[in-house]
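Start at 1 and go down the list; that is how both ligands and their atoms are numbered. Below, each value reflects all heavy atoms present in this structure, side chains not excepted, and no hydrogens, waters or symmetry copies.
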Amino acid sequence: MERLNVAGVSVDPRHFIGGQRIASPDTFSDHSPIDGSLLGQISRGGPEEVELAVDAARQAFPAWAKTARRERARILHRIADLVEERLEDLAIVETTDNGALLRSHRLGVMPRVAHNFRFFADWAVNELHHDPFETRGHTNKVSWDPAGVTALITPWNAPLMLATWKVAPALAAGDTVILKPAEWSPLTASLLCDIAEEAGLPAGVLNVVQGLGEEAGAALIRHPGISRISFTGSVPTAKIVARAAAENLTPCSFELGGKSPTLIFDDADLDLAVELAVEQYDNAGQVCLSGTRLLVQKSIAPQFVEKFKERAAKIRQGDPRNLETQMGPQIHQDHFNKIKGFVDRARSEGSDISFGGVQNEALGGLYFQPTLILEPTAGSEIVTAEIFGPVLTLQTFDSDEEAINMANATEFGLAAIVVSGNRSRAERVAAQLVAGTIWINCFFIRDLRAPFGGSKNSGIGREGGTWSFDFYADVKNTVLAPNGWKE
Ligand code: NAD
């Protein structure tokens, strides 16, 4: 199988197992959402390739687990350096593969990929310690021991960023890794393997099995040789993963979907509120954290809607490789149809589609216009289900209590955004919201020292800082008695 040429960058379409490129007899097609063009055929793994990868990762584990944290950190820093050196290649390949903005990949996402490696490498060296403490003269010593082979399953909306958010702490913890990227965006995971190899990561420490969820993914999650499963994706898939993991009692970490609220209070800076609302269209709405339910205090709703409409009309939709573009396409046709289906049903139920709601005709293809749905029917799917597209709903409230109740009336709990000019009011509201992250007068500020994850159906566990290591490591307590020593 030949390497692909994707936007001038050479990408290996095969798996990366035990430091070798391995092809499968079967392949799947990878298309660009930008224009539907075929990018190439990718190796389509299944149980056999998973078996090879688990073998390779298990063989590599003892030596990697024994490698000093400092040495592991040195290699992870080298990976980060190479990510920075190859930033342009990574950015253009990711954009071509998943349709997210080239500008964001260059300026935000790929630098963040490098940071993921540096941060977790340094955290393991400098922060992953617990001071010994005494119990009736006995000394407790807590350690984070490498756990084994970690299976990582990731989605397409921020492929390399989300994958490395798992790969980096797992490797820093001393685990070996098998990554199964989403079949809609398999390419940058392959480039990461080139980089890892060049950085001197020993063979078998990082493995990538390409393939479909129900084939490669399903084989991976049920394999008894796996010690941890970290999954980012949708709730229905998480339930399949949880069922398979139950068979071997494999610990799971889940980062799942959302239907986050953006609460806009009557004392908010209206321009700021409008800007924050527009940000919820980021990545063409394909962001788990998006505050897609705009909850606006009734007294300011008319002004807000007017300003928001004006502002949203200026969003430049188009080819994500163009640096002026602010919104690109949806990932694939089924996803586009799913979004369209939600909006069509809301329309036929009598909801007011204030703007958008259809394909961008000038662009065609997978470009769905930014959409606002006013006063949707309470409890209808448009306000309860995750749409994962550029579709916001707007509901109004009278009191803070009503706003909090509406915000929490969801099966999800990933994030919430509060916009208010009154700090104590905002903090009082935030304290009553059920979600893993609350942003007050801001959005998307993310620090790897902070816990990240979802409440309710938005996930199980937290990632970031020591929370990541608590999952990827075997946390152990050793108790030393004060006596019985011969020296
Ligand atoms: P998905 O659940 O369809 O797929 C996610 C991954 O699971 C893919 O790699 C897929 O191949 C794999 N998979 C599918 N079926 C499988 C099976 N039977 N066994 C094992 N693996 C299987 O999700 P998606 O459409 O790729 O991503 C969108 C979802 O991800 C949204 O719900 C979004 O909110 C969520 N997400 C969450 C976060 C977060 O941090 N909370 C971040 C990004 C995306």
Side-chain angles (χ1 to χ4, degrees), residues 28 30 33 42 44-47 50 97-98 100 109 116 151-166 178-186 188-189 208-223 226 229-245 247 250 252-260 280 282-292 330-332 334-336 338-339 385-389 410-415 435-437 444 446 448 450-464 467-468:
F28 65 96
D30 184 28
I42 311 294
R44 179 169 162 175
V50 164
D97 208 11
N98 89 333
V109 177
N116 284 342
L152 308 177
I153 299 184
T154 49
W156 44 263
N157 61 326
L160 196 59
M161 211 270 281
L162 293 171
T164 54
W165 196 345
K166 300 178 188 302
I178 303 169
L179 167 65
K180 207 297 284 171
E183 52 270 51
W184 304 103
S185 56
T188 48
V208 167
V209 176
Q210 302 282 10
L212 312 188
E214 59 276 24
E215 296 175 0
L220 191 54
I221 56 178
R222 60 170 184 258
H223 199 292
I226 300 293
I229 299 171
S230 181
F231 171 83
T232 299
S234 64
V235 171
T237 311
K239 291 184 180 175
I240 296 172
V241 175
R243 271 182 223 116
E247 205 49 47
T250 313
C252 293
S253 156
F254 288 134
E255 299 286 1
L256 310 178
K259 187 75 175 174
S260 300
Q280 307 314 312
D282 263 7
N283 207 11
Q286 301 165 121
V287 175
C288 54
L289 295 159
S290 281
T292 50
Q330 301 302 308
I331 185 73
H332 55 73
D334 286 351
H335 188 59
F336 180 98
K338 188 180 131 198
I339 294 165
E386 182 184 46
I387 298 170
F388 220 55
T410 166
E411 65 172 287
F412 297 107
L414 194 54
T437 302
F444 238 120
R446 174 85 184 93
L448 289 176
F452 176 88
S455 304
K456 299 195 269 183
N457 278 0
S458 288
I460 297 179
R462 295 290 183 269
E463 294 188 276
W467 290 280
S468 288

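Partners of Lys166 by salt bridge (charged side-chain N to carboxylate O under 4.0 Å, His left out), not counting sequence neighbours, listed by chain and number: Glu463.
Here the protein heavy atom with the shortest distance to atom 38 (C) of ligand 1 is Cys288 SG, 3.0 Å. The closest protein non-hydrogen atom to atom 28 (C) of ligand 1 is Phe388 CE2, 3.7 Å. Taking atom 15 (N) of ligand 1 as the reference point, the nearest protein heavy-atom neighbour is Thr237 CG2, 3.4 Å. Protein heavy atom at the shortest distance from atom 12 (C) of ligand 1 is Ile153 CG2, 3.6 Å. Looking only at heavy atoms of the protein, atom 17 (C) of ligand 1 is closest to Gly213 O, 3.3 Å. Of the protein's non-hydrogen atoms, Trp156 NE1, 3.3 Å is the one closest to atom 24 (P) of ligand 1. Among protein heavy atoms, atom 18 (N) of ligand 1 sits closest to Ile240 CG2, 3.6 Å. Atom 23 (O) of ligand 1 has as its closest protein heavy atom Ser234 N, 3.5 Å.
An N or O contact shorter than 3.5 Å links Gly233 to ligand 1 by distance. In terms of polar-atom proximity, defined here as any N/O pair under 3.5 Å, Asn157 makes no such contact with ligand 1. Residue contacts with ligand 1: Thr154 is placed with a nitrogen or oxygen under 3.5 Å of a nitrogen or oxygen of the ligand (distance criterion only). Considering backbone and side-chain atoms alike, Leu256 places an N or O below 3.5 Å from some N or O of ligand 1.
Heavy-atom separations between Phe231 and ligand 1 include at least one value shorter than 4.0 Å. Residue-ligand proximity: Gly459 is placed with every non-hydrogen atom at 4.0 Å or more from ligand 1.
Contact annotation for Thr232 and ligand 1: heavy atoms of both the backbone and the side chain come within less than 4.0 Å of the ligand. Contact annotation: for Glu386 versus ligand 1, heavy atoms closer than 4.0 Å belong to the side chain alone. Using a 4.0 Å cut-off between heavy atoms, Leu414 contacts ligand 1 through its side chain alone, with no backbone atom that close. Under 4.0 Å from ligand 1, the heavy atoms of Ile221 that appear belong solely to its side chain.
Heavy-atom contacts of Glu183 reach the following atoms of ligand 1: 10 (C), 11 (O) (cutoff under 4.0 Å). Proximity to Leu162 (heavy-atom distance under 4.0 Å) selects the following atoms of ligand 1: 42 (C), 43 (C).
Closest heavy-atom approach to atom 20 (C) of ligand 1 among the candidates Pro159, Ala219, Gly217: Gly217.
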Checklist entry - Hey, mind stepping through Asn116 and Thr164 against side-chain hydrogen bond (donor to acceptor under 3.5 Å, both in side chains) and telling me if it holds? => result CA-CA 6 Å; Asn116 284 342; Thr164 54; 2.9 Å; yes
